[in-house]
Amino acid sequence: MTNYMVFDVGGSMIKFAVMKDDGEFIEKGELPVSDSDFSLFQETIIETVLENKVKHQVAGIAFSCPGGVESDTGIIGGSSALPCIHGPNFKTIFSEATGLPVELENDANCAALGEVWKGAAKENENVLFTIIGTGIGGAIIKNRRIHKGANLHGGEIGYMVLQVVKEDGKTAFQTWSQLAATGALVKNVAKRKGMKPSELNGKVIFEKAAEGDEICLEEIDEFYLRLAQGIYNIQYVYDPEKIILGGAISNRDDLIEQIYKKIDLLLESVQAAKIRPIIESCQFKNDANLLGALYHYLQCQAPESVEA
């Protein structure tokens with residue numbers, strides 16, 4: 001059994017774990033994070049790795065990071081809540097400082113890989129993950145690996161255009177994120193109630209709906225319809241074995257049931273469509289990124305340990 005050092009880099013903290021190569025957690029913890037001082041970030045990571053290299057004989061380092069992660073080069077492009085991590089070469093810096101091999105992957109992709117390895121997609125080869133939050137993100141799993149695409153935008157399903165609005169001689173386009181994310185639900189309810197979006201959240205809206213609030217009920221119904229519309233499109237574009245939902249909303253017991261009701265309406269209307277998507281919720285929450293980061297590391301460094 002081999003041990004590894006795994007980091008989940010977030011905007012407010014860094015989660016870390018020492019993990020066995022079968023995904024078992026030996027030790028967990030949290031570290032402070034600086035959004036603008038990479039030298040401090042670097043020092044914190046290196047100190048933690050070296051301590052556990054001695055304590056647990058760790059053999060490699062795996063990262064889950066926000067942004068446009070170029071796993072091959074070790075450089076993180078794009079932008080995130082941690083500007084300091086964009087630009088430095090993680091592989092070079094942390095490998096040279098610790099003497100250990102390093103692998104890194106985007107955080108949403110890591111969450112998907114965690115489910116592929118140990119969760120809802122562990123029996124599947126080709127899966128699409130949909131993360132519903134303030135916006136909508138996703139990850140494409142093909143042959144149990146992340147499909148990143150030519151421009152590292154594979155899985156950016158929230159960019160799908162689902163509605164065209166023509167007004168005053170102008171044409172505007174609305175994406176799936178603008179129409180079906182939890183953030184969209186909040187904005188729509190707030191607008192109809194004359195409130196600021198900051199005064200509401202998804203939990204409050206569902207609570208008000210349960211009390212009979214008509215506006216909340218109507219907007220939740222529209223929310224389910226828009227989610228179903230995007231999921232239907234994904235099924236016919238990629239034709240995955242499953243579409244797996246994540247984000248806080250995925251904890252709702254009735255979410256999938258309500259989406260299926262709207263998908264059935266779509267299937268009744270579109271006569272040529274015969275495939276009813278298989279929809280499930282993610283199994284892992286807080287540990288998904290750590291598990292996925294390690295799984296990605298093993299795929300790169302020790303594929304024989306995770307692939308049949």
Report summary line: Closest heavy-atom pair, I157 versus G137, reported as atoms and distance to 0.1 Å, is CD1-O, 3.7 Å

**Report entry** Minimum heavy-atom distance between L291 and G23, given as atom pair plus value
**Finding:** CD2-O, 3.7 Å

Requested in this report: Please test E27 against K55 for salt bridge (Lys or Arg N to Asp or Glu O under 4.0 Å), starting from the C-alpha separation and ending with a verdict.
Outcome: CA-CA 11 Å; E27 186 175 318; K55 184 178 178 181; 3.1 Å; yes

**Report entry** Rounded distance [0.5 Å steps], SG in C65 versus CG in N289
**Finding:** 10.0 Å

Query raised in the report: Which distance, rounded to the nearest 0.5 Å, do you find between the CD of E30 and the OG of S12?
Result: 8.5 Å

[X] side chain to [Y] side chain, donor-acceptor N/O pair below 3.5 angstrom:
X    : Y    : value
N233 : Q229 : no
S71  : K148 : yes
S79  : H86  : no
E103 : Q301 : yes

Answer yes or no: is there a donor N or O on one side and an acceptor on the other, between the side chain of [X] and the main chain of [Y], under 3.5 Å?
X    : Y    : result
N124 : V127 : no
S250 : G247 : yes
Q178 : T175 : yes

Does the distance from a Lys or Arg side-chain N to an Asp or Glu carboxylate O, for [X] and [Y], drop under 4.0 Å?
X    : Y    : answer
K20  : D22  : no
K193 : E199 : no
K28  : D287 : yes

Requested in this report: Go through the steps to decide whether K91 and D72 satisfy the test salt bridge (Lys or Arg N to Asp or Glu O under 4.0 Å), and finish with yes or no.
Outcome: CA-CA 9 Å; K91 285 191 172 183; D72 293 338; 5.4 Å; no

Report task. Mind checking salt bridge (Lys or Arg N to Asp or Glu O under 4.0 Å) for E280 and listing every partner two or more places apart, or none if nothing turns up? Result -> K242

Query raised in the report: Heavy-atom distance under 4.5 Å between the side chains of F7 and K15, does that happen here?
Result: no

Which pairs would a plain distance check flag for residues 40-47, meaning a side-chain donor or acceptor within less than 3.5 Å of a matching protein atom at least two apart in sequence or in another chain?
unit_1	atom_1	unit_2	atom_2	d
T44	OG1	L40	O	2.9

Query raised in the report: Parallel under 30°, tilted from 30 to 60°, perpendicular over 60°: which one fits the rings of Y232 and Y236?
Result: tilted

Requested in this report: Apply salt bridge (Lys or Arg N to Asp or Glu O under 4.0 Å) to the pair E115 and K122, showing each step before the final yes or no.
Outcome: CA-CA 6 Å; E115 295 290 332; K122 64 183 179 181; over 6 Å; no

Check the hydrophobic clustering (I, L, V, M, F, W, Y; side-chain heavy atoms under 4.5 Å; chains of links allowed) and say if [X] and [Y] are grouped together.
X    : Y    : result
I75  : F94  : no
I278 : I256 : no
Y4   : V116 : yes

Requested in this report: Taking the six-membered ring for Trp and the full ring for Phe, Tyr or His, determine whether the centres of F63 and Y297 are under 6.0 Å apart.
Outcome: no

Report task. Flag yes if more than 12 heavy atoms outside K53 fall under 6.0 Å of its NZ atom; otherwise flag no. Result -> yes

